[in-house]
Every structure is written in structure tokens, then in C-alpha cells.
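Labels below follow one simple rule: chain letters A, B, ... track the order of the sequence lines, proteins then strands, and each chain is numbered from 1.
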Amino acid sequence: MSHPSRPGPAPVLALEDVAKSFGAVRALKGVSLELFPGEVHALAGENGAGKSTLIKTLAGVHRPDAGQVLLDGGPVVFHGPGDARDAGIAVIYQEPTLFPDLSIAENIFIGRQPRRGLGRIDHRATREATAALMERLGVALDPERPARGLSIADQQIVEIAKALSFDARVLIMDEPTAALTGSEVARLFGVVRALREQGAAVLFISHRLEEIFAICQKVTTLRDGARIASEPLAGMTEDDLVRRMVGRDLDELYPKQDVVPGEVALSVRRLTREGVFTDVSFEVRSGEIVGLAGLVGAGRTEVARAVFGIDRRDAGEVEVKGRALTNGAPSTAMAAGLALVPEDRRAQGLVMDMSIERNIGLTGLRTTVRAGLVDRGAERSRSLDWAVRLHVKYARIADAVSTLSGGNQQKVVLAKWLATGPEVLIVDEPTRGIDVGTKAEVHRLLSQLAADGVAVLMISSDLPEILGMADRVLVMHEGRLTAEIPRSDATEETVMAAATGRAAA
Amino acid sequence: MPESLTRAIRWDTVVGALLIVLLLLSFGFVDGFGNALNLSFLIGNTLPIALIALPMTLLVVSGEIDLSVASTAGLSGAVMGALWNQGMTIEAIIPICLLLGVVCGLVNGLLVTRLGLPSLAVTIGTLAAYRGIAQIVLGSDAVTDFPSQYLDFAAGRVGDTFLPQAFLPFLALLAIAVVTLHATPFGRSLFAVGANEEAARFAGIRVRRQKLLLFTVTGMTASLTGVFWALHYASARYDNATGLELSVVAAVLLGGIDFDGGKGTLGGAIAGVFLLGALQNVMSLKDVSAQSQIVVTGILLVLSVLGPRVARQVSAARAGRRAASGKPPAPARAPTST
Amino acid sequence: GGTTKEDVRKEGGAAAAAGKADPDAETKKGLTVGFLPKQVNNPYFTTADKGGQKALEELGSSFKEVGPSSGTDTSGQVSYVNTLTQQQVDAMAVSAQDPGALCTALKQAMGNGIKVVTYDSDTRADCRHAFVSQASAEDLGRTEVQLLAEQIGFKGKIAILSAAQTATNQNTWIEFMKKELEDPKYKDIELVKVAYGNDDAQQSFQQTQGLLQEYPDLKGIISPTTVGIKAAAQYLSGSKYKGKVKLTGLGTPNDMRTYVKNGTVEAFELWDPAALGDLAARTAVALASGQITGREGETFTAGGTEYTIGKDGVINLGKPTVFDAKNIDSFDF
Amino acid sequence: MTVSAPARPPLAEAPKSGGTRLADRVFTMRELAILLVFLVMLGVTQAGNSAFLSEQGVKDLLLNATILVLVAVGQSLVVITRNVDLSVGSTLGISAFAAGTWLQGGGHPVVAVLLAVLMGTGFGLLNGLLVSLGQVPALVVTLGTLYIIRGIDSIWVGSRQITAADLPGGFVDFGSGGISAVPWLAMIALGVLVATAYYMKHFVSGRELYALGSNPEAARLAGIPVRKRILAAYTFCGALAGLAGVLYLARFGNVDSGTGNGYELTVVSAVVVGGVVFTGGSGSVYGAALGALLLTSINSVLPALGVSSVWVLAINGVLLLLAIAVDRIVAQRVATALKKKPAHVELPRLPQKEDTRHA
Ligand SMILES: Nc1ncnc2c1ncn2[C@@H]1O[C@H](COP(=O)(O)OP(=O)(O)OP(=O)(O)O)[C@@H](O)[C@H]1O
Ligand SMILES: Nc1ncnc2c1ncn2[C@@H]1O[C@H](COP(=O)(O)OP(=O)(O)OP(=O)(O)O)[C@@H](O)[C@H]1O
Ligand SMILES: [Mg+2]
Ligand SMILES: [Mg+2]
């Protein structure tokens, strides 16, 4: 027993002096952690601090190099995720792990479907159980729909539903809210509270500190793979927490600089993509940061894709600095000075098996050229430059991006696009999964870019971020622009009203 | 995985090294291997595979495959024979054949990029279709009476050396292919396309156009190979080069090109081609039966994927041990404040 | 002004045979003769090559066999010609997959002093010294028509199931079959179709089915290929056409025994492949010993029979044997 | 309940209305497309040649398809797991010869069948072990075993062959016999097909094959025994190739060292035409079987229509392309239908934060 002195219930699940290395990278250096029933425990730390690695160790994905995992006080060895699951541990991983070809119901119950005679699957019961879970989460996803094509947020919902379906003793969630908007988060927290009251132990990771304070009782902070502290949250302030994570005081989170907008840089007129969004018109001026808000599935990402030319538009025009863009041609959009930081970094932003250097270099293949050949020197210095500016934490620039932590991967995506020196920058959930320290960094960077005359369109589900950074807020609801709110009038209430269609134009 | 990138690099050097070792051993210990005639035959017979392997490597790196190459070669040979029988001049026929190859490649490419069909399925279809058209075009004819200066070029050697005359143009093509794949923006973007097509599209790479281009070039190279084949063997028949696609695929796989796309080097692919060619030559000289040669080819293929895998596990284990030994003693547990 | 077929024709070809024959020269011993069949592991060629091996042992020379494992791997066959050249055999007996493709390699071999005999399937005449033909193409073609005509009473529709469309020997036989059919005694017989089964059991099967569906009143099928006739017989014996549609052609007694006994097939023919190999071996030795050079009109004795070299260096084995229920049990190949 | 949201329609009901049927259609429509192509083809041929669908004609069609259907069913399982088995042709050949040797020596036919299946199982197991334990690309490994098994087969068989004369008469008769137009062999294939399809839809391990083909990494995280499942798929595929081998022997009454040569491309074509996607996770065994039926029937249709053999290959290729293109277009239609239909059954009116707090 790790704490014979402590009264009260024993920890359900604990880590004792766990160490884990990947090659030369020491992701965990002797970390201990205890999870108690009826308690929501937060895990905080910068990007790359080792949070996900810790979780994967608890879940049996990684085997610790040293130290051990304790279940109900006794040491256990999980040979795979299946063992952890059988021990009553449910995990939501940082990146959604769905089966695109299977229905949502099957995704949730794969391997554990209700059976009827002779071990046959009871499809009807599976469907009904899924519908019940969706009801519990307050989301009306069709259980029979294949998971392919679900938005990141919907994927995350399915992951949550899957974890809930276990009725597990221990629920571990790695940034479950990163892609969710306020209302879904609220709904999720309701469910988590209920679980806690039923005696489950919950481990929760988020880079949104207010969420940690909203539902957690205890927090463990990690820095560079080492545990800094494990303490109750009661009485702590956000600044205390940040100091433990970062080791210093935090810069201002929304360092918005005031600028005088210049001329129109991006002009979108009557853009329509049938069945997805209709009649979307707006302008972004040089020096301006325009926020694009809306609920999950409102169509913001789709608009950005169509503007950039990933998807073909059915009607409407897009102009960058007065130059009309060809329909469905990202390369001409890039040539015109447009850049899009996509929302799904794994699928759209990065080539996971490629090095950091080459991933950043990918957008510059046409510019870092000498005599028709790739100029490797220029490519490397361009990549290094941006990796350093964005504080990407890596061992070698030639390492594959798949070895980076989630937040650092996100930084590589940003680097890749900022390196093109865009005149119009569209960022879709730019700080998803990025720690507070770096978030401030990214915000300052966006602010600086705007001050330098770049027109920025920022899509974000993080309402405070929109409110803190945008000069103007556009709001979408069910595929239409429903409001345009100047910075002075933008509040949580006005934006939410427009986003839910209550103040529909 | 970081290892998978280095794996490709390591494996192609392994194949290259194997090839050199095999050549050295054969020069030393296999009667009849080292003489100019045998070497010229070895190279000459391997050239068609090597030629097609060039664009095939690029195609596979970009995540696609073309199984119709042998049929395209056969078709271009058949058309060459038929037009020759019609009395056209050979100088006019060859460009027509190359053009035909372009069309064949274009058809594959359009079906894959416009309709979004899997290239494996499409090219299995065109494999049959092109061969069938060849059969319609030339029927049971075997055309053999091509002009001797062309035949001599395709079968002849440079002076008294072992180098076939056709080898020099091949080297030029090889150089072009290597530079294209490994040093131009186009080639570099192919790796991205193969590994993650969507991310490549988001990075402004014209995926469909690139693939179309690759299929077209593959078609053209295949028809060039068909022309070379007909001249080299002085025989144009509709079934020329049947089954060549499997040899190309096997050799390219052996060279460490990953069929999931995004990995591999041209050097490895070509080393793979010549390793298989040389091995078969040596085995024949050593009176190893055709059946046993098949087994050896198979074992080599299996080893080519298991080998790097085992090597990786060994090196990972070693790295793990290194990391473990370099670790400071576990720190005393930090006191928990609660 | 490029090069056309016409220009090439004017250049003319070169003759292969050179030197002078000495019919009385002693038969050399200790020679090595390499056999290169179209495909190793093919029962027909194995029987033939065994015949060659036996003859060579008798003559005090040695035998070796190399060859590709696929019957369509022309480039493989070319490299085996090269292999034999490298191994400096004294003579080689080749059954060519392609009349033209092997020429360069064979000429290289002849240039290195190796005698080249083709058997079963020829190359161009200038690429070898002599060709040992299994039977005269004319005999084969005509007798097959005669066999079938008798079985169907000189009346009704017939079809041919051949191998590949490019198979040279098949095509020659089919030409002679057509010539034979021009004879007025066949005026009631109509050749409706030539189908190609590509020497593949399944395809030959389906081609046979197709013939019967297209011509429900078909009376007979000639299949001048051992694979084709076997597949057609197997299909017929399992269908309602058994015994009603007559089948003949070229087959081996072992393959066809069941079908002759169960009444699917009345009679078919074939030369003795072992005898073919035997003659090829003896011709190769005679060439290597300088008894012949491959010129028309030269004669030599092999296994007690005297053979005369015909036009273009062709040597004929003799007439094929007809197999039927009465005699089939006395053959085993 | 934490939340009450009266504005929303009852969820349990919603899927049954539109969703179930739509999702089912996604899977059945692709097969329907192939079936349609197939029926049209038969219709046209029948119109051109009335003997085509006679009793003998139907029997021939079914017999021709049997062997390919069996191998394609096995192959589709492997392809669904995002792998491929190129060695099926070699396995078929060697199993057929093994069974033939046994029968030739006077063995019992039932034992011969078991022997062939066992042999196929063995080679399937070998492939499965190499692929799943080594975690190496299936394409390369099975191309390797294709050569290895083929080589072993040729060395073992040499120039020997087994002909109908060497086999018990009953065995050969069984190969072409049946109840009126339905051959015994086709019944065996149908039995295997239906059982496999039922298993794939209604058993957990069957669904897990789809899951791990759809996303191998997620399958691992979900605790699915990935290696075991892949091993099982390969073993089953090998076993069916073995069974197909012995049926081949019964059907054609003839095996030699070349039997099954080049069969892998035919099988792969059948599976692909049948709508089983090469990137794994989708498709059905019924589709694969239909693909096999379509492919073999093309070879019967053309001769029956009197099309010259010269044209057969080209038409074959074009039809193959047509079949995949039609399938693709249907699939795209379905995808568009899916996209038009939002993921959310109905966008819920989201309750205010206060509503959720009271939980
Ligand atoms: N598979 C891997 N191979 C190599 N290095 C890895 C691997 N997984 C994680 N790492 C490294 O381990 C360290 C910890 O990563 P981890 O994913 O646990 O961070 P994190 O705290 O979850 O960060 P984030 O908040 O960005 O998700 C990082 O330096 C990362 O690069
Ligand atoms: N690739 C896709 N294929 C099919 N449907 C999609 C795809 N991407 C998004 N959708 C669906 O389209 C609708 C609009 O999604 P979109 O991602 O544009 O919304 P959003 O406002 O950006 O929300 P989010 O916060 O999820 O990014 C959603 O219902 C989503 O499920
Ligand atoms: Mg993480
Ligand atoms: Mg979005």
C-alpha cells in the first residue's frame, strides 16, 4: 500500500514511480498518481509534459519501463488495452479512434455487443443502448450512421459515449472537450458529475483551466515528464496552477493589439455549397482578426474548406486582394496569398510518418527551389526557424511528427502555414489541444500578424478565445451566417443567441 | 514511426550491398558469369523490368499501382507489328506506339483520378483490356522482320564490352527518374501524397494532376518497353511481356518500396530489380531448376519484409537498454501534499 | 524516308547451314546435349525429353534439361539459351515458345559452335540447324478431319478447339484441316468455328460450353491440343452431350483413357513424344559429329531408320498413331 | 436523467424511421448494382441465344462459378481486414494435387476433402502467422508465399499429373452431378457462403474483422485481439482455397503442377468487382460471391453469343472496368445521400447552461 497513513477509501488505480522512454525521449520520469472513487482528478501540464503517455500507461497501451501500476492496491501488468478494459478502466484517447466503416452503435459496442442465443449479436439491443447513451449526452446522433465523415466534435461525442457505455470504475479522459463547444461541455460535465456521485474515479485532462476548476477536486501537475505536485484544487487560483505547469507566471492570454483595418483582403460573396451552407458573404480586411463562431456542425469548417478550394463551391465568389480564386484549386488560393490551418491535424494537417522538417517544408516546395530542385538548406532553415519560433518541443527536426505530443503536432501545423507568409490566414481551431502558455504565444503571434497587415479569419469553438481576439465576430447557425457582431457588442450572450438561432436575422 | 523512414533507407542499402556481394561472388566462383556475353544477356533481359520499374516506383510512392504495364507493352509491340506489316516506316511507327502508351496511361489515370476508382482494380481491368486489344490488332501473327539496324541496337553491345547499347539510354532515364523523385518539388510532394493524400491536398499539392501525369508517364514507359522488347527479341506478338507486371512488382517490393505509399527510394527499387535478375542468372548457370528458383525468389521476398522488421526490433531493444542504463536512479517519491 | 517492311525484305535473310557434311564421320561420344523445352514440368515435354535422354545414354553422351516453369515466359527461355551457351554444351534441342524471340540468342549459340536442333515447335529457319517435326503438319491436319468425319458419318456441323491463337503449329494444322475439308466427300460437313482455349482447362471448358450453346446441333469437335481435348472430354463426359457430340484430336493415351472407356471419345491420335525426343537427340549428335549440317537432301540413320532432311532443314518423325478402345491399353505415356 | 429536453423527438425511435433503412441500403445497394449488371448480362445473352439458360446452361454457369466463389469468399475476409492473400492460387493447386495423390492411392474421397482443407489451412496459417506476428505488408509476404508454395508444388509434382482415370468414378461424377440444374458443388459453395455471411453479420468476431480493417490502430486500443483475428481470417481463406482445390479436382478431373497458376488476379478481381474495398473495413461476402459469379459468367456469355475468342479478353477487361465503375457511381450516390442527411437526427435545441447545472 502506498499510503498506509491515509484514512478513507483506498485508490482504485494508482501509478507508482512510473518511467517511460521513447528512444532518447524520456516522457515520464518516475511519476506517481492515485485515483480515488468519487473523485475527479485533473492532470495538467504543458504540451509534451507526458500526460497522454501517462494515460496510455494506465490503459495498458504502453508498458512502463520502471515502476508499476496498482489496481485496488495490488500491482497489475496490463498486456494490452483489453486487459485494462477488463479491469474496469474506460479511456477516451486524445485522438479519436473510430472505425469509419462501422455504424456509430457498433463503434461504441464493438467487441461487447449485447448477445442473444448462440452468441449472436442482438443488433436491436445495441441500437437501443446507443440511442439511450446519446440521450444521456443530449446529442441526437443517428446510431446507424457510419462514423465516416463525422466532424471532429461528433467523433469526440461518440468517444465519450463509448467510454460511458462501459459503466467503468475508472474513467480516463484525454482532452475530451478540445473540440466541443460550451453547451456540449456542460452536458458532458453533467454526466461526469453523475458518474462521480455513483462512485467512479475520473481522470481528466484539459488545457482549458476553467474546466478543470469546474469539475475537478484534485490536480496533478506534470512538467517535462516529472510530477510537480498533487493537491486539492480547493483554494487554488488559475495562476497557481499555471505557475506549477509552466514554472513561471503566464503572459496575457488575449494580447489583442488595436489596429486600424486596411483594405479588403478576403471577400466572400454569396458562397453556397448545397446541403451544407447557403449564401455566406463576408469580408476580412488587412490587419483585422475576424472570429467565426457557431455550434458544432454549424458549417464553419465547410465554409473555410470551400474558400480555400478543398471543396468545390456550388455558387458564389471568393476574392483575395481583388483576385478571384478558381473554384476547387487550393494551389491557386495559396499563390494568391491564402493559407488555411485545418482543424484535423492528423488527417489534414500532417503527414505523420514524415519528419517535422519536411512537414513544414511541404507548403514551401514551390518557393524553396533552386534550379528546379528542392533547396535543402533553405528548406531546413525555414523549418527550423518556425519550429523554434513556435516553441515546438522535439528531439531532432528530422524526427517523424508522429513522435510529437498532440499540442506540439498542432504547432507544427501552424508553423507549416505561417511559413508561407500568407496575406490572408484562415485558422480553424488553431489552439485545439494547445497548453495555456503556448496558447498565449499563438494569440500574440496572430495578433502580431494582424498588426503586420495580415487578414485573419479565426474559427474557434472556444468562445473566450473568439471574444478575446476578434475585432468582429461572425456567427453561423445551420449553414447560414446569422449575425455579425462588432468587438464592442460581442459577449457570450449575444454570440450564443445568434449561434443557437434565437436571434436569427 | 520514426523507424519506418529510416527502415526504407536502410533496406535499400542492404539490397544494394546484397547485389554487390552477389556480383563479387559470382565473378569469383560462377563459371560463365563474368564473360561479356553473359553479362550483356543478363542486363539485356533485365532491362525491360528495370525500365518499367522507374515510373512504377514513383507511382507506388504516390500510393497507386499500375498492373497493366505488361499489357501496355504487349499492345505497343502488337501495334508496332501490325503497322510494320502495313508497310509503314519504323521511324513513324515508334512515335505512334509511344503515343499509344500515353493514351493507355491516360485511360488508367483518368479512371483513377476522375472516377476515384482504386488503381489496383482499374489496372487489373485494363490489364485484360489492353492485352485483348493487342490480340485483336495482331491476332496470331508474329512479326519478326524488323530492320536490322534497330534489332542490332536493341540486342547489340557497345563495342566488345558487356554493356548493351540500350543500357546507356536507360542510365539517362534512371538519372532523370532519381532526380525527379528525390530532388524536385514534384517528387518530394509524391511522398506526401502517398502517405497522406488529404494532407497533401490541404498543402496545395495538385494530387489528381500529379497522379494523372504519373500514370501517363508509366504508360509511355511501358510502351517504350514494349517497343524495346519487340526489337530486343526480334518478335512482335500480342502476348509479348506477359506476366512482366508481377516481376516488376516483386522487384520493386524487394527494393523496399512500401505499397502503402510514401516510402522508398529509386536506388532500392533498381537494386532490387538487378538483384533478382542476377540471382536468376547465377542460379541458372549453377543448374538450379526453375522450380527452385521460384522458391528462392519467394523466400527472398518474405525475408525482405521480415528482415527489416527483425532488425528494427533488435535496434529498438538495444536503444531501450541504452536508455535504461543511462537513466539516473529512480528519484525518491515526491511527497504528496494530501 | 524511313525503313519499311519492303526495304527489309530486299535485304534478304541469311542461310544457317554452313560447312560440309561427312555422312561417314564417326558418331562422337561424350558430348553434352541440352534440352530446352517450352516448359519444364509439362508431362508431354518430360516424356519427350526422357526419350532424348535415353537416346543420348545409348550414344554415350550426356543429357541435361533446363527450361522455364511457365510456357509463356519467352524472356525466360531466352536466358536459358544463354545459360546453355555459357555452359558450352555441344548441342541444344529447343522447343521454341516463339519463332522469332529466341533467334538472337540461338544465333549467338551457333556462333559459339553449338549445334541447334528445334523440336516440336520451330523457330525461323535461319536460327537453327535442323527442325525435328513430330509429324508432317499435313498428315496431322488431314487425318484428324478423316477421323472425325468417320465418327459423325460425313455429315453435320463441326468446330475446332485450339490452344492459343498464336500457336504456330496449331495454326498450320488447322490450315490443313480446312484444305482437307475442301474435298467433295466432306460436302455435308460444315466447319462452323475455331475457338481458342489457351491451353487452360477452365477456358477450354467454357469454350466448349459456348460452342455447344451456340450450335446446339454440333456433331463433332476437333481439338488438336492435349490440354484442350482433355478439358473438352471432361466437360462432355459430365454433360448431356456425352457420346452424342464426337470429339477427336491430339491427346495422350494416359489423359484420355477414361474418356475412351466411358464412351465420350471414340478415337484420337498422337505421335510418340518419346520418339520425338529420341530423334531430336540423335539429330543433335549427328550434327555435332559432322554427319549432317542441316542442308536439304542430307541423310542420316537414327535408331535404325534412315531420315532425309527436307526443305528448310525439316526432319519428319513419321505418321501419328491413332488410339481407340482396342489399342489404348498397350500405351503408357 | 440529468437533462430533460422535451423539444427533441424521442431518440430511440428516430433511427428506425430513416436511419436503419438508409444504412442497410448502403450495404445492399452495391450488391444490387452488381446483381443488376449480372441479370442484364444474362438477359441479353438469353435473348441472343435461347440455349443459354437451358438446364445444362444454368448448371454450367453455376459449376463455373463454384470454385471462384469459394476462394473469393475466403479472400474477401482477408481483404476486409485490410490485408490480401495472393497465395490462394498456389494453395489451391497444391491442395488439389495432394487430394489427387490420396485418391489415386485408393483413399477415401471424404478423407481427400479433409486432407485438402487441412493443407489449405496449414498454408493459410503460415500466411497468417507471417503477416500478423511479423506485422509486415501482406502484399509482399503473400507474393512471397505465392512463389514458395508454387515452387514447392512444382518440385513435388514435377511433370506428374493426375487425370480422371486415376480418380474414383464416383468422385468425378460428383464433380459434374447434381439435382437437375443445381450441381452438388454449387450447393457446397452456397452453404459456405451463407454460413460465412451470417457469421460476419451476427457474430462479434465477425464484426471485429470489419473493425480492424477499418482502423487497425483503433482496433488495438479497443482491445480487439488483432493478431488472432487476422490469423483466423487467413486460416479460413487458406482452408477455403484448399476446399476449392479438391472441388477443382472433382470438377476438372485433372491436376498438374500448373493448376491454379495466375488464379490470384482472378480472385482479386472478383473481390474488387464485388465491392469489397481494398483499404479494408467494408464490403460483404455476398458481394464477393456475386463478383465471382459475374466474372466467370462473362466467360460463358461471350462464347454463347458466338463472340470470336479474339474479342473475349478485351471485352472481359472492359466489362470488368464497367462493373467497378457502376459500383463506384452507386457508392457515390449513396455517399451523397448520406451527406445530404445530416449526422444529427435533428439538430437539438441546446439547453442553456443553467439547465444542465441542476443535475
Ligand atoms: N510514440 C512516441 N514515440 C516517441 N516519442 C513519443 C511518443 N509518444 C510521445 N512521445 C514523446 O513523449 C513526450 C510526452 O508526450 P505526451 O503525448 O505524453 O504529451 P502530452 O502531455 O500529452 O502533451 P499534449 O498536451 O500536447 O497532448 C513528448 O516529448 C513526445 O514527443
Ligand atoms: N468530411 C465530411 N464528410 C461528411 N460530412 C461532414 C464532413 N465534415 C463535416 N461534415 C458534416 O457537415 C456538417 C458541418 O460540419 P462542419 O465541420 O463544417 O461544422 P463546424 O461548424 O466547423 O463545426 P466543428 O466545430 O465540428 O468544426 C456537420 O454535420 C458534419 O458532421
Ligand atoms: Mg496529449
Ligand atoms: Mg470545424
For [X], is it the side chain, the backbone, both, or neither that has a heavy atom closer than 4.5 Å to a heavy atom of chain B?
X	answer
C:N41	side chain
C:Q97	backbone
C:Q108	side chain
C:Y196	neither

Among B:G139, B:A236, B:A142, B:A241, who wins on heavy-atom pairs under 4.5 Å with chain C?
->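 Highest number of pairs under 4.5 Å: B:G139.
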With only heavy atoms counted, which part of [X] is less than 4.5 Å from chain C, the side chain, the backbone, both or neither?
X	value
B:D287	both
B:L244	neither
B:F33	neither
B:N281	side chain

Which distance, rounded to the nearest 0.5 Å, do you find between the [atom1] of [X] and the [atom2] of [Y]?
X	Y	atom1	atom2	answer
B:N38	C:Q87	CG	CD	10.0 Å
C:T4	B:Q86	OG1	CD	12.5 Å
B:Q280	C:T83	CD	OG1	10.5 Å
C:Q86	B:L42	CD	CG	10.5 Å

Heavy atoms of C:G100 and B:T144 approach each other most closely as CA-CG2, 3.7 Å
Tightest non-hydrogen contact, residues B:A290 and C:P68, listed as CB-C, 4.2 Å
Within 6.0 angstrom of C:K107 NZ, more than 12 heavy atoms from elsewhere =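 Enclosed: over 12 neighbouring heavy atoms sit under 6.0 Å from NZ of C:K107.
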Should [X] and [Y] count as side-chain neighbours, where that means a heavy-atom distance under 4.5 Å?
X	Y	value
C:T74	B:D239	no
B:F41	C:S79	no
C:P99	B:R237	yes
B:Y233	C:D98	no
C:V40	B:S289	no

How far apart are the C-alpha atoms of C:T104 and B:L151, what are their side-chain angles, what is the distance that settles it, and do they pass the side-chain contact (heavy atoms from CB on, under 4.5 Å) test?
-> CA-CA 9 Å; C:T104 318; B:L151 296 178; over 6 Å; no
